[in-house]
S.K.: 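First the structure, then my questions, so here it is.
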Amino acid sequence: MNNKTIRVRFAPSPTGYLHIGGARTALFNYLFARGRGGSFILRIEDTDEVRSTEESIRAIIESMKWLGLEWDEGPSFAKSGKLKVESEGKTPSTFHLPLSTPDYGPYFQMARLDIYKKFAANLVENGKAYYCGCTPESLRKMREEQAARKLPPKYDGRCRDKKHDENDPGKIGCVVRFKMPADGNVEFDDAIRGRLSFENRLLDDFVILKTSGVPTYNFACAVDDYLMKISHVIRGDDHLSNTPRQMHLYRALGIEPPIFAHLSMILGSDGSRLSKRHGHTSVLEYRDEGYLPEAIVNYLALLGWATQESKQIFAAGELEKEFNLENCSKSPAVFDNQKLLWMNMEYLKKLRPDEILSRAKKHIDNAGLKITDEIYAAKIIGVEKDKIKLLADVPKILDIFFIEDITYDEEAVAKIFAEPEAKKMLAEAAKELESAAEFSKENLEKIIKDFCLGQGVKNAKVFHPLRVAVSGRMQGPGIFELLELLGKKRTLERIARFLKP
RNA sequence: GGCGCGUUCGUCUAGUCCGGUUUAGGACGCCGCCCUCUCAAGGCGGAGAUCACGGGUUCAAAUCCCGUACGCGCUACCA
C-alpha cells in the first residue's frame, strides 16, 4: 500500500454548483495527493443525462480553481483553449473552460462511453452480466408486489437466463444488469472506518448500462477508477453502501480494488443535511460574499479532520504535509458559519493593506465605488484592517473617503445632536481646526483635547459630533486618524455643509 | 421495512486502537473585566461535556463487550 503510487480523484456529478460538502471531499483528495507526491484527478461524472448541465461543469471548475485545487492531468486542450470532448451526451463537443491556465481538462465520462460498453460486453460474454428488457412499469409492479408482501424491494432476476444472441433485436431497449452472487459476503477495509462487511443476498442485480448505452454511476465509477489507476477512493459517506456493488464489479472484472476511505457528511445547524435553508452552500457564493479561498480551505480541512494538538490555523503548505486519513472523523460535522468568519478574519489579518485592496477589487466595483487613489485607499485599509471580516466590507470602510456626498445615519445624527449645544460645540471646534497649521493626527489630538479642556466638556462631547458631521456615522477609525485621512479641506467642508441649515 | 454507518462542551474536535498520567485538553461562539472618542481588534479571566442511554467485564471504563434509543445514508435505467 505504501509503495503504491498515490492517485486520487474528485468525481462530482454536474447536476448543480459545487457545494461545501463536495469542496471538502475535493480538498481532502487534493491534500492527500499533494502531501504524498501523488496525482489528483478531476473526473466529471456526467452520466445523468437529464440532470447534467454545462453550467454546473463551469461552476465546478471555477470553484476548484478559486479554491486552488488544481488537478494534475486530463485530456489535452486544443490551443484555442477548448476542450475536445467526443460526446454523445449533453456535454458539449467543445467546451470552454471558465479560466485559462492548465491546457488539460478534467475527464468527462460522457466522452468515454465506448469504454464502458466494452467492459459491459465483456461481462456479458463471461456470463457475469445479462441483458434485461423489463419495462419501468413491470419493475414498478414487481416492487409494489414485494412491498405488499413486506419483502425488501429488489430486482428478482427474471431476465437472468433469457437468451440474447448478438443479433437479437430484442437487445435493443434492454439494459445490462450485473449478476450478483446470491450468497456470501463482501468485505473490505475502509481507511477511515475499518473493516466493513455486507451480505450479498441483500444486493440485487443492479443496472450497469442503461437503455441509452450510458453507464450507471457504480459501473462507470469502478471502470474509471481502475483505468485511471486510482489508488485511494476518498469520497462521501453517502457512497458507503455503493462500495459492495463496486467490489463485486472489481471481482467480476478480475481487478484489484482501490483503497476506500469514506468521509463523514457535513450537516446544517439543525443536524440535517446541509442545504439552502442553512445559508450558503455553494463555494462560489462564499467567494461572492468576500471570503478568502485560503480561509475556506483551512476551515473545510477542520470539518472532519484534526491534528492531535487540535491546531487551528495552518500556514501555506502545512495542510498538505499534516493531512492524513487516519485522523479523519467518522461522525458527521455541523457547518459553523461563525467559525468560518473568524477564520476568514485571521487570514485577512495576514494580508498587507495593498493586498486586501487588490483582492477586494470586485467587491469595490460591485458596490459602485471608484477608487481614484490606491495608495490612499491602502492607507485607509491599514488603519481599518481589524474591522474587515469579509472582502465585501472593504468598500464599506472606503466609501466615506471616496464619496463627497456622504449619507448620514439618521439615528446617529439624532442621538449625537440631541442636545442643542452639540452643534455649537461642533462649530467652535471647527474654528480650532481651521487654524491648525499641521493637520496630523498628533497635532489634531492636541488641538481638540485642549479645546475640550478649555470648554470644560468631556472629550466625547466633541469627538462624537465631529465624527458624525464628517463621516455620517458612529463607527470608524479613531477621530484624529479620521480627520487626518480626510485632510483639512474636506474636513472643514463637511462640517460646514453639515452645519448649514 | 431491510442493510450499513455514526453518537465527547451550543458547534468543530483531542483523548478511544495499547483501560489508570483526565479535576476530560484545544478552538469558535457566549459571559465578565481591562484598553477606549465610536465600531472593531487585542489582553486577562469565566461558565460550559455525569463522554447518547442501559447493562456487563475489571481493583479501575470516555476508553473493552452486549443491548437499546436517536440521527444519517443506501435500498432508481440519480450520482
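First the proteins, then the strands, lettered A, B, ... as listed; each starts at 1. Not measured: the values here are computed from a predicted model.
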S.K.: I'd like to know if the side chain of A:Q312 pairs up with that of A:K339 as donor and acceptor (distance under 3.5 Å, no hydrogens or angles considered).
M.R.: yes

S.K.: When we call it a touch if two heavy atoms are under 4.0 Å apart, what does A:R143 touch: a base, just sugar-phosphate, or nothing?
M.R.: sugar-phosphate

S.K.: Applying a 4.0 Å non-hydrogen cut-off, can you work out what A:P12 is touching in the nucleic acid: base, sugar-phosphate, or nothing?
M.R.: nothing

S.K.: Report the residue (A:H464 or A:L202) whose heavy-atom-nearest nucleotide on RNA chain B is the more 5′ of the two.
M.R.: A:L202

S.K.: Atom OH of A:Y299 to atom P of B:U11: distance rounded to whole Å?
M.R.: 12 Å

S.K.: Just to be sure I understand the rule, does A:H239 reach a base, reach only the sugar-phosphate, or reach nothing, if contact means heavy atoms closer than 4.0 Å?
M.R.: base

S.K.: Can you give me the closest heavy-atom contact between A:P14 and A:I44, atom names plus distance?
M.R.: CG-CG2, 3.6 Å

S.K.: What distance, rounded to whole Å, do you find between the two C1' atoms, one in B:A76 and one in B:C70?
M.R.: 28 Å

S.K.: In B/S/- notation, 5' to 3', how is nucleotides 16-35 of chain B contacted by protein heavy atoms closer than 4.0 Å?
M.R.: ---------BBBBS------

S.K.: Within 45° of the axis and under 6.0 Å from the centre of the six-membered ring of A:F188, does NZ or CZ of A:R195 qualify?
M.R.: no

S.K.: Quick one: A:D204 CG to B:C77 P, roughly how many Å, whole number?
M.R.: 8 Å

S.K.: Side chain of A:F480: nearest nucleotide among B:A14, B:C37, B:A40?
M.R.: B:C37

S.K.: Among B:A40, B:C77, B:C12, which nucleotide sits nearest the side chain of A:T216?
M.R.: B:C77

S.K.: If you measure only the distance, is there a donor-acceptor pair under 3.5 Å linking the side chains of A:Q246 and A:N218?
M.R.: yes

S.K.: OP1 or OP2 of B:A79 versus the side-chain N and O atoms of A:T47: is any pair under 4.0 Å?
M.R.: yes

S.K.: Apply the test side chain to side chain donor-acceptor pair (under 3.5 Å) to residues A:Y116 and A:T47: give CA-CA distance (whole Å), side-chain angles for both, the deciding distance (0.1 Å), then the verdict.
M.R.: CA-CA 11 Å; A:Y116 312 119; A:T47 55; over 6 Å; no

S.K.: Taking atom types as modelled and ignoring hydrogens, do the side chains of A:R235 and A:T243 form a donor-acceptor contact shorter than 3.5 angstrom?
M.R.: yes

S.K.: Counting the atoms with a prime plus P, OP1 and OP2 as sugar-phosphate, which does A:C221 contact under 4.0 Å by heavy atoms, base, sugar-phosphate, or nothing?
M.R.: nothing

S.K.: How is A:T15 classified with respect to the nucleic acid when contacts are heavy atoms under 4.0 Å: base, sugar-phosphate, or nothing?
M.R.: nothing

S.K.: Between B:C77, B:G73, B:C37, which nucleotide has the shortest distance from any of its atoms to the side chain of A:R273?
M.R.: B:G73

S.K.: Within the 4.0 Å heavy-atom criterion, would you say A:R201 contacts the bases, only the backbone, or no part of the nucleic acid?
M.R.: nothing

S.K.: Quote, to the nearest angstrom, the P distance that separates B:C51 from B:U21.
M.R.: 15 Å

S.K.: Scan every strand shown for a Watson-Crick or G-U wobble partner of B:A27, both distances under 3.5 Å, and answer none if you come up empty.
M.R.: B:U11

S.K.: Just how far, in rounded Å, is C1' of B:C78 from CD of A:Q246?
M.R.: 14 Å

S.K.: Could you please name the option among B:A40, B:C77, B:C37 that lies closest to any side-chain atom of A:V207?
M.R.: B:C77

S.K.: Anything under 3.5 Å between a protein N or O and an N or O of nucleotides 44-48 of chain B, put it in a table, one pair a line.
M.R.:
none

S.K.: Answer yes if the side chains of A:H262 and A:D237 hold a donor-acceptor pair under 3.5 Å, and no otherwise.
M.R.: no

S.K.: What orientation do A:F178 and A:F206 show, parallel under 30°, tilted 30 to 60°, or perpendicular over 60°?
M.R.: tilted

S.K.: Can you measure A:L485 atom CG to B:C37 atom P for me and round it to whole angstrom units?
M.R.: 19 Å

S.K.: I need the minimum non-hydrogen distance between A:A436 and A:K488, along with the two atoms involved.
M.R.: O-NZ, 2.7 Å

S.K.: Please find the pair of heavy atoms, one from A:V124 and one from A:Y130, that lie closest to each other, and give the distance.
M.R.: CG2-N, 4.3 Å

S.K.: Around atom NZ of A:K150, are there more than 12 heavy atoms from other residues, nucleotides or ligands closer than 6.0 Å?
M.R.: no

S.K.: Rounded to the Å, how far apart are A:K396 NZ and B:C39 C1'?
M.R.: 13 Å

S.K.: B:C59 and B:C53: how far apart are their P atoms, nearest whole angstrom?
M.R.: 24 Å

S.K.: Where the side chain of A:R467 is concerned, which of B:A79, B:A76, B:U38 is the nearest nucleotide?
M.R.: B:U38

S.K.: Is A:R177 touching bases, backbone alone, or none of the nucleic acid, heavy atoms closer than 4.0 Å?
M.R.: sugar-phosphate

S.K.: In terms of the nearest nucleotide of RNA chain B, which residue is placed more toward the 5' end: A:A306 or A:F463?
M.R.: A:A306

S.K.: Let's see if you can work this out: which of B:G73, B:A79, B:C37 has an atom nearest to the side-chain heavy atoms of A:Y217?
M.R.: B:A79

S.K.: Calculate the interatomic distance between A:H262 atom NE2 and B:C72 atom C1'; express it in whole Å.
M.R.: 15 Å

S.K.: Using a heavy-atom cut-off of under 4.0 Å over every strand shown, decide if A:K389 touches base, sugar-phosphate, or nothing.
M.R.: sugar-phosphate

S.K.: Give one of base, sugar-phosphate or nothing for A:N242, where a contact means two heavy atoms less than 4.0 Å apart.
M.R.: base

S.K.: Which nucleotide sits closest to the side chain of A:D238: B:G73, B:C77, B:A40?
M.R.: B:G73

S.K.: Could you check which nucleotide pairs with B:C35 in any of the strands shown, counting Watson-Crick or G-U wobble with both distances under 3.5 Å?
M.R.: none

S.K.: What is the separation between atom CD1 on A:I448 and atom C1' on B:U38, rounded to the nearest whole Å?
M.R.: 16 Å

S.K.: Would you say a side-chain N or O of A:K210 is under 4.0 Å from OP1 or OP2 of B:C78?
M.R.: yes

S.K.: For nucleotides 4-9 of chain B, read 5' to 3', which letter fits each nucleotide if B means a protein heavy atom sits under 4.0 Å from the base, S means only the sugar-phosphate is that close, and - means neither?
M.R.: SSSS--

S.K.: When you compare B:C3 with B:U11, how far apart are their C1' atoms, in angstrom units rounded to a whole number?
M.R.: 31 Å

S.K.: If every non-hydrogen atom of A:F401 is compared with every non-hydrogen atom of A:P477, which pair is closest and at what distance?
M.R.: CZ-CG, 4.3 Å

S.K.: Over all strands shown, is A:L303 touching base, sugar-phosphate only, or nothing at heavy-atom distances under 4.0 angstrom?
M.R.: sugar-phosphate

S.K.: Go ahead and name the base partner of B:A52; Watson-Crick or wobble counts if both distances stay under 3.5 Å, otherwise write none.
M.R.: B:U68

S.K.: Taking the P atom in each of B:A49 and B:C5, what is the distance between them to the nearest angstrom?
M.R.: 31 Å

S.K.: Can you tell me the distance, in whole Å, between the CZ atom of A:F314 and the P atom of B:C12?
M.R.: 17 Å

S.K.: Of all heavy-atom pairs between A:I400 and A:R494, which one has the smallest distance, and what is that distance?
M.R.: O-NH2, 2.8 Å

S.K.: Pick the P atom in B:A27 and in B:G43, then give their distance to the nearest Å.
M.R.: 11 Å

S.K.: When you get a sec, tell me which of B:C39, B:G42, B:A76 is the closest nucleotide to the side chain of A:K349?
M.R.: B:G42

S.K.: When we call it a touch if two heavy atoms are under 4.0 Å apart, what does A:G236 touch: a base, just sugar-phosphate, or nothing?
M.R.: nothing

S.K.: Does any part of the side chain of A:R473, heavy atoms only, come nearer than 4.5 Å to the side chain of A:T407, both counted from C-beta?
M.R.: no

S.K.: Distance between the C1' atoms of B:U38 and B:G29, in whole angstroms?
M.R.: 24 Å

S.K.: Show the nearest heavy-atom pair for residues A:A430 and A:L492, with the distance to one decimal.
M.R.: O-CD2, 3.6 Å

S.K.: State the pairing partner of B:G1; accept Watson-Crick or G-U wobble contacts with both distances under 3.5 Å, and report none otherwise.
M.R.: B:U75

S.K.: Suppose you measure atom C1' in B:U13 against the same atom in B:C77; what distance do you get, rounded to whole Å?
M.R.: 43 Å

S.K.: Assess A:K423 against A:F498: is NZ or CZ under 6.0 Å from the centre of the six-membered ring, and within 45 degrees of the ring's axis?
M.R.: yes

